[in-house]
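Since we're looking at a predicted model, the values are computed, not measured.
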Amino acid sequence: YAVDFDSETWLTRGAGLTGAANSKLVTVSGWIRVDVEDIEQRIVYSEQSAAERFTFYIDATTNKLCIVGRNGAGTIVLNVQSSADVATIENQWVHFIASFDLSNTGKRHLYVDDVSDLNVVTYTDDTVDFTNDNWAVGAEPSGDSPFNGRLAEIWVAPGVYIDLSVADNRRKFYGNTGRPVSLGSSGQIP
């Protein structure tokens, strides 16, 4: 389902994710349709005691999709981005999917509209802090860096690595026709 976000709308959990544990593995997927470009826009954001831990967002300067993960000490251990400008594709849905195993540089993937598009800034064999006390969708929990556009089928799986170099694995999220596929009522299908 799609949700329309503007600078006044975001979701916050106000708590950690049930069963989440720090991990070297993570997979994320989603569909975005950006209405405003050249501003930083959070898609998903997590924090521990008001300090950023895991986020994916649109960068204000480059309009690229960025994924950043920090360890328990707050050090960046994962920092990747797309080369595609995902914010200036007007009136069009864009799909992204990424999966990482920080213990292995051969297990890192980012696809935009089913095309491999990974630029690595930082990739350290360490764990990302997923045991955070607050998670938000469409902005930071405070409302800063709001997403302006539409989000659909946002899927975040700490502790899960999926080999996205295998096309059949990408088909679990991005159908053969370039359309979304059902992830199940609770995201259990992939």
Side-chain angles (χ1 to χ4, degrees), residues 5 7 9-30 32 34 36-87 96-112 117-149 151 154-162 164 187:
F5 288 87
S7 60
T9 311
W10 70 94
L11 302 169
T12 183
R13 179 167 165 79
L17 299 179
T18 302
N22 296 343
S23 181
K24 295 181 181 192
L25 313 175
V26 64
T27 301
V28 298
S29 176
I32 57 175
V34 179
V36 178
E37 58 184 275
D38 299 326
I39 62 171
E40 187 163 305
Q41 302 182 66
R42 300 290 177 171
I43 300 167
V44 170
Y45 184 92
S46 74
E47 62 184 25
Q48 179 65 34
S49 302
E52 176 185 304
R53 288 297 188 256
F54 181 74
T55 184
F56 46 102
Y57 64 97
I58 309 299
D59 181 75
T61 306
T62 63
N63 292 312
K64 295 177 180 181
L65 176 70
C66 301
I67 301 170
V68 176
R70 297 173 184 265
N71 64 16
T75 303
I76 293 175
V77 297
L78 172 66
N79 186 355
V80 299
Q81 59 184 269
S82 68
S83 60
D85 176 339
V86 297
F96 66 90
I97 186 168
S99 193
F100 308 102
D101 176 348
L102 291 173
S103 70
N104 185 333
T105 58
K107 293 183 175 181
R108 53 189 186 189
H109 313 278
L110 172 61
Y111 285 78
V112 175
D117 191 18
L118 176 67
N119 291 307
V120 176
V121 178
T122 303
Y123 200 83
T124 305
D125 185 1
D126 199 346
T127 59
V128 175
D129 183 3
F130 292 114
T131 58
N132 306 313
D133 57 17
N134 209 353
W135 287 76
V137 176
E140 296 176 17
S142 64
D144 290 340
S145 302
F147 187 81
N148 286 271
L151 301 175
I154 300 299
W155 193 80
V156 181
V160 174
Y161 167 78
I162 298 173
L164 299 177

Practice prompt. Looking only at non-hydrogen atoms, find the nearest pair between Ala139 and Pro146 and report the distance.
Written response: CB-CA, 3.8 Å

Worksheet item: Between OG of Ser83 and CG of Asn119, what distance do you get to the nearest 0.5 Å?
Response: 5.0 Å

Discussion item. To check you understand the geometry: which heavy-atom pair defines the closest contact between Ile97 and Ser29, and what is its length?
Written reply: CG1-CB, 3.9 Å

Item to complete: Keeping the roles fixed (side chain from Arg53, backbone from Phe130), state whether a donor-acceptor pair exists under 3.5 Å.
Response: no

Worksheet item: Do the non-hydrogen side-chain atoms of Val160 and Leu25 ever get within less than 4.5 Å of each other?
Response: no

Worksheet item: Between Thr127 and Asn22, is there a donor-acceptor pair closer than 3.5 Å when you use the side chain of the first and the backbone of the second?
Response: no

Discussion item. Going by the rule side chain to side chain donor-acceptor pair (under 3.5 Å), which residues pair with Ser82 if we only count those two or more places apart in sequence or in a different chain?
Written reply: none

Item to complete: Sequence neighbours left out, what passes ring-ring contact (aromatic ring centres under 6.0 Å, His included) with Tyr111? Give chain and number order.
Response: none

Discussion item. Checking Trp10 now: which residues fulfil ring-ring contact (aromatic ring centres under 6.0 Å, His included) with it, not counting sequence neighbours?
Written reply: none

Fill in: Residues which pass side chain to side chain donor-acceptor pair (under 3.5 Å) with Thr75, listed by chain and number, not counting sequence neighbours
none

Item to complete: Measure the spacing between OG1 of Thr122 and CD1 of Ile76 and express it to the nearest 0.5 Å.
Response: 6.0 Å

Response to the item:
ring-ring contact (aromatic ring centres under 6.0 Å, His included) filter on Tyr45, not counting sequence neighbours, yields none

Discussion item. With heavy-atom distances below 4.5 Å as the criterion, would you say the side chains of Gln81 and Asp59 are in contact?
Written reply: no

Practice prompt. With rounding to the nearest 0.5 Å, note down the distance linking CG in Asp126 to OG in Ser103.
Written response: 11.5 Å

Discussion item. Has Glu40 got a side-chain atom pairing as donor or acceptor with Ala60's backbone, closer than 3.5 angstrom?
Written reply: no

Discussion item. Contact between Ile43 and Val137 at the side-chain level, heavy atoms closer than 4.5 Å - yes or no?
Written reply: no

Item to complete: Could you tell me which residues satisfy side chain to side chain donor-acceptor pair (under 3.5 Å) with Asn132, sequence neighbours excluded, listed by chain and number?
Response: Ser46

Worksheet item: Any donor and acceptor pair, going by atom type alone, linking the side chain of Asp101 with main-chain N or O of Lys107 inside 3.5 Å?
Response: no

Worksheet item: Should Val26 and Val128 count as side-chain neighbours, where that means a heavy-atom distance under 4.5 Å?
Response: no

Worksheet entry | Pairing residues for Val120 by the side chain to side chain contact (heavy atoms under 4.5 Å, CB included) criterion, not counting sequence neighbours | Val80, Arg108, Leu118, Tyr123

Item to complete: Would you please name every residue forming a side chain to side chain contact (heavy atoms under 4.5 Å, CB included) with Asp144, sequence neighbours left out?
Response: Glu140, Ser142

Discussion item. Test of understanding: with salt bridge (charged side-chain N to carboxylate O under 4.0 Å, His left out), list the residues that count as partners of Lys24, not counting sequence neighbours.
Written reply: Asp125

Discussion item. Checking Asn63 now: which residues fulfil side chain to side chain contact (heavy atoms under 4.5 Å, CB included) with it, not counting sequence neighbours?
Written reply: Glu37, Asp38, Ile58, Asp85, Ala87, Thr88

Discussion item. Please check: side-chain N/O of Gln41 versus main-chain N/O of Val36, any donor-acceptor pairing under 3.5 Å?
Written reply: yes

Discussion item. Between Leu102 and Leu78, is there a side-chain heavy-atom distance shorter than 4.5 Å?
Written reply: yes

Fill in: Selection residues 62-74 - residue pairs positive for salt bridge (charged side-chain N to carboxylate O under 4.0 Å, His left out), sequence neighbours left out
Glu52-Arg70

Discussion item. Using side-chain heavy atoms (C-beta onward) and a distance below 4.5 Å, is Asn148 in contact with Val34?
Written reply: no

Worksheet item: In terms of side-chain heavy atoms, does Thr131 have a donor or acceptor partner in Asp129 at a distance below 3.5 Å?
Response: yes

Worksheet item: Hey, what's the ring geometry for Phe54 with Trp135, parallel, tilted or perpendicular (30° and 60° as the breaks)?
Response: tilted

Worksheet item: Quick one: side chain to side chain contact (heavy atoms under 4.5 Å, CB included) partners of Asn134, sequence neighbours excluded?
Response: Thr12, Glu47, Pro141

Discussion item. Quick one, Phe96 with Val28, criterion side chain to side chain contact (heavy atoms under 4.5 Å, CB included). Give me CA distance, side-chain angles, the key distance, then yes/no.
Written reply: CA-CA 8 Å; Phe96 66 90; Val28 298; 4.2 Å; yes

Worksheet item: Given side chains that start at C-beta, do those of Val44 and Tyr57 come closer than 4.5 Å, heavy atoms only?
Response: no

Item to complete: Give the minimum heavy-atom separation between Asp117 and Ala84, together with the two atoms involved.
Response: OD2-N, 3.0 Å

